Amino acid sequence: MALAVAAAGRVLLRAGSRLGRREAVDGARRFANKRVLVEAEAAAGVAVMKFKNPPVNSLSLEFLTEFVISLEKLENDKTFRGVILTSDRPGIFSAGLDLTEMCGRNPAHYTEYWKAVQELWLRLYMSNLILVSAINGASPAGGCLMALTSDYRIMAENPKYTIGLNETLLGIVAPFWFKDTFVNTIGHRAAERALQLGMLFPPAEALKLGLVDEVVPEDQVQSKARSVMAQWLAIPDHARQLTKSMMRKAIADNLIKQREADIQNFVSFVSRDSIQKSLHMYLEKLKQKKG
Amino acid sequence: MALAVAAAGRVLLRAGSRLGRREAVDGARRFANKRVLVEAEAAAGVAVMKFKNPPVNSLSLEFLTEFVISLEKLENDKTFRGVILTSDRPGIFSAGLDLTEMCGRNPAHYTEYWKAVQELWLRLYMSNLILVSAINGASPAGGCLMALTSDYRIMAENPKYTIGLNETLLGIVAPFWFKDTFVNTIGHRAAERALQLGMLFPPAEALKLGLVDEVVPEDQVQSKARSVMAQWLAIPDHARQLTKSMMRKAIADNLIKQREADIQNFVSFVSRDSIQKSLHMYLEKLKQKKG
Amino acid sequence: MALAVAAAGRVLLRAGSRLGRREAVDGARRFANKRVLVEAEAAAGVAVMKFKNPPVNSLSLEFLTEFVISLEKLENDKTFRGVILTSDRPGIFSAGLDLTEMCGRNPAHYTEYWKAVQELWLRLYMSNLILVSAINGASPAGGCLMALTSDYRIMAENPKYTIGLNETLLGIVAPFWFKDTFVNTIGHRAAERALQLGMLFPPAEALKLGLVDEVVPEDQVQSKARSVMAQWLAIPDHARQLTKSMMRKAIADNLIKQREADIQNFVSFVSRDSIQKSLHMYLEKLKQKKG
């Protein structure tokens with residue numbers, strides 16, 4: 001698997017280079033990126049990745065590309081053993097996939113986009129780094145998926161924030177690897193119900209369900225993420241990484257084995273008139289809300 | 001899988017025709033059947049299937065044949081998007097498999113019977129319809145299995161009613177697809193213990209275990225089933241059906257791939273002298289209870 | 001699978017014979033063994049296996065050999081239907097694998113040792129006997145594994161006693177079949193976190209997590225084990241054994257299929273300088289503690 005991921009990674013890196021967006025890790029405390037702020041706390045061995053893609057941190061192709069490049073830098077830099085995922089915009093962790101990437105484009109674009117979404121998941125789910133999500137805002141769909149790949153999830157105690165895989169509400173279907181990650185987190189029965197109904201859970205319910213590990217007052221999310229990280233950093237890396245890989249490899253291999261088929265499936269699904277129509281209507285509704 | 005099920009379905013349909021029991025869906029509010037009352041609430045898109053097979057709604061070959069035919073009618077009728085499963089005889093949801101079909105008959109009969117039990121499960125578990133069980137009575141063994149195939153389970157708050165897979169108490173073994181459905185509902189450890197001990201759970205315990213989703217006062221079971229159904233009907237069918245299939249297909253395929261072997265296994269198991277003897281003794285005990 | 005286990009069993013039996021440690025079951029109430037006391041309660045159909053391998057009941061090669069031979073005797077003796085696993089030394093159930101067997105020895109020794117550990121698990125996990133663990137002391141790592149193979153786990157209510165798979169704390173990794181057993185008991189998410197962090201749980205937390213089934217005052221552990229055993233003995237053996245095998249066979253087959261590869265993996269892992277060094281340091285620390 002490592003090989004397959006690495007190969008795909010190189011593609012992304014090349015894409016990154018072409019866009020001129022790759023920059024060497026500076027000795028300083030921040031990488032220069034537009035959509036993902038990386039704040040290094042080198043002494044602690046920890047970096048904080050802050051999503052900054054206004055207005056709702058949606059997972060656009062550009063965001064995904066930057067994110068994966070930043071994560072790979074950290075993965076390859078021995079200085080860092082852990083990463084905290086959080087939002088630079090409290091109130092919204094991430095709204096998930098960017099529907100404008102899935103609507104009114106051509107098959108080549110859908111292919112490129114879906115490959116980037118797969119890559120995001122593979123990189124996060126199989127990361128050797130300790131990942132802690134500091135969920136400081138709403139986290140539907142792809143936002144929830146990012147949190148699900150972490151080793152530990154802390155959510156702000158604000159009932160306005162919800163988390164879950166709500167794809168069916170938009171008339172679309174979460175891919176099988178979203179589902180696998182979900183089932184491994186909350187169990188088969190809870191996942192079956194929540195996925196079919198597209199349920200979004202406020203923090204207290206998410207905690208009860210096991211969708212997040214801890215709920216803390218909003219102003220303590222970041223500090224709690226650091227104290228949890230310290231607990232994980234106490235474990236020898238090598239043993240922890242092998243253990244994590246043993247727990248997750250089968251699920252990641254599931255996608256790697258059928259990555260092309262999964263892309264074809266997505267492209268043909270999203271190209272349907274009925275799906276385009278329902279995505280278009282949903283986007284129009286969103287625009288009117290704002291207007 | 002769809003093909004395999006469809007093929008098997010045709011066999012059942014032909015059997016139904018021969019028995020003269022198939023009748024066209026009338027415009028009216030009730031299909032004419034002897035053992036399964038189907039009450040259509042067409043405006044809501046919902047049908048209620050009421051088990052009526054005195055004295056204990058056991059899953060006789062005739063019941064199974066009628067049930068699957070009725071379900072297939074609803075499945076193919078665009079009017080209906082959801083089905084509520086319940087008993088016409090409050091106090092007993094279903095006593096499960098009909099032991100008289102498994103005792104003192106010949107291998108050809110056991111084969112026909114087991115195929116019908118498999119068919120019931122495959123049809124229910126992979127149904128495109130929203131299935132809600134309104135469990136208004138005891139629900140052991142096959143009765144529990146029917147409930148387990150539903151998308152949501154509501155049970156009457158009456159401690160005399162119990163639910164579970166109690167096969168071992170009769171000296172028999174639940175087939176692997178009962179087990180798979182059970183594990184996917186309550187998890188591996190709880191299933192391992194409950195299956196080995198043949199445990200039957202009163203409503204409060206069943207709820208705690210996740211074997212049912214909700215417990216309500218006995219006179220509210222039917223109305224609650226309708227309000228839950230309304231919640232599920234709010235989800236676009238196509239996305240919900242694909243999601244449901246994604247969650248369940250692997251388990252259904254498990255049986256479809258080894259359907260013949262599973263039949264052979266059942267026939268040879270049930271044909272053993274020791275099993276016949278223990279089923280016979282159990283039936284005698286039941287008769288004495290009544291007498 | 002039965003064949004493979006049986007074959008491996010014969011090897012162990014021969015080894016036992018050579019060591020002159022096998023003794024015929026006497027009519028009396030105790031088998032003569034040095035490290036495993038077997039107390040027969042023949043009238044009840046139950047035997048109690050008491051670990052007696054000072055100071056901490058570690059799973060040395062000699063202990064494993066004696067234990068498996070004793071278990072096989074009980075397995076083949078129709079007098080016995082259930083076994084209670086407990087410690088002759090309250091305070092410590094079992095400290096798990098014996099690190100001195102994994103440190104400073106040669107590959108042939110590591111091979112022999114790992115085969116014996118695999119054998120222990122296969123015999124316990126697939127035992128036809130009813131196994132109840134009366135956990136009357138600390139139960140880390142391999143001690144936890146033994147408890148996990150039981151049909152029911154009762155733990156003494158003493159917050160000093162903890163249970164869990166803490167391998168990562170020693171810089172080593174639990175094998176995949178420890179992991180599979182763990183996941184089947186407490187679910188994927190809880191296992192992922194606990195395994196990575198090497199968590200040890202006091203009784204109340206272990207109960208909440210489902211790692212044990214019941215917590216009772218320390219002086220009631222043995223009597224509770226007997227009353228639970230009586231409940232399991234009420235189930236017909238044949239149906240219970242087939243059900244147990246159906247629940248567990250896939251996991252056991254996982255190891256049986258790759259038993260040799262698993263041994264090679266262990267031997268090469270444990271032979272590494274870095275692992276030897278970290279085990280050596282751990283053992284030195286233990287010695288200092290005692291000194």
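Chain A is the first sequence line, chain B the second, and so forth, proteins listed ahead of strands; every chain is numbered from 1. This structure is a prediction, so every number in the text was calculated from the model and none was measured.
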For A/D151 and C/R189, work out which heavy atoms get closest and say how close. O-NH2, 2.9 Å
Considering non-hydrogen atoms only, spot the tightest contact between C/A174 and A/M246 and give its length. O-CE, 3.3 Å
Is C/F269 close to chain A through its backbone or its side chain, or both, or neither, when contacts mean heavy atoms under 4.5 Å? side chain
Short side-chain to backbone donor-acceptor contact, C/H188 and A/R248, under 3.5 Å: no
A quick test of your reading: do over 12 heavy atoms of other residues, nucleotides or ligands sit less than 6.0 Å from NE2 of C/H109? yes
Is it the backbone or the side chain of C/L195 that comes under 4.5 Å from a heavy atom of chain A, or both, or neither? both
Can you pull out the residues in residues 223-233 of chain A with any heavy atom less than 4.5 Å from chain C? A/Q231, A/W232
Interatomic spacing from CG in A/N184 to CD in C/E192 - rounded to 0.5 Å: 7.5 Å
A/A239 to C/I172 - nearest heavy-atom pair and separation: CB-O, 3.6 Å
For atom CG of C/D273, decide whether the heavy atoms of other residues, nucleotides or ligands shown that lie under 6.0 angstrom number more than 12. no
Inter-residue atom distance A/K244.NZ - C/R193.CZ, 0.5 Å rounding: 14.5 Å
Which answer fits C/A190, side chain, backbone, both or neither, if we ask what part of it has an atom under 4.5 Å from a heavy atom of chain A? neither
Sorted by number, residues from residues 197-220 of chain A in contact with chain C (heavy atoms, under 4.5 Å): A/D213
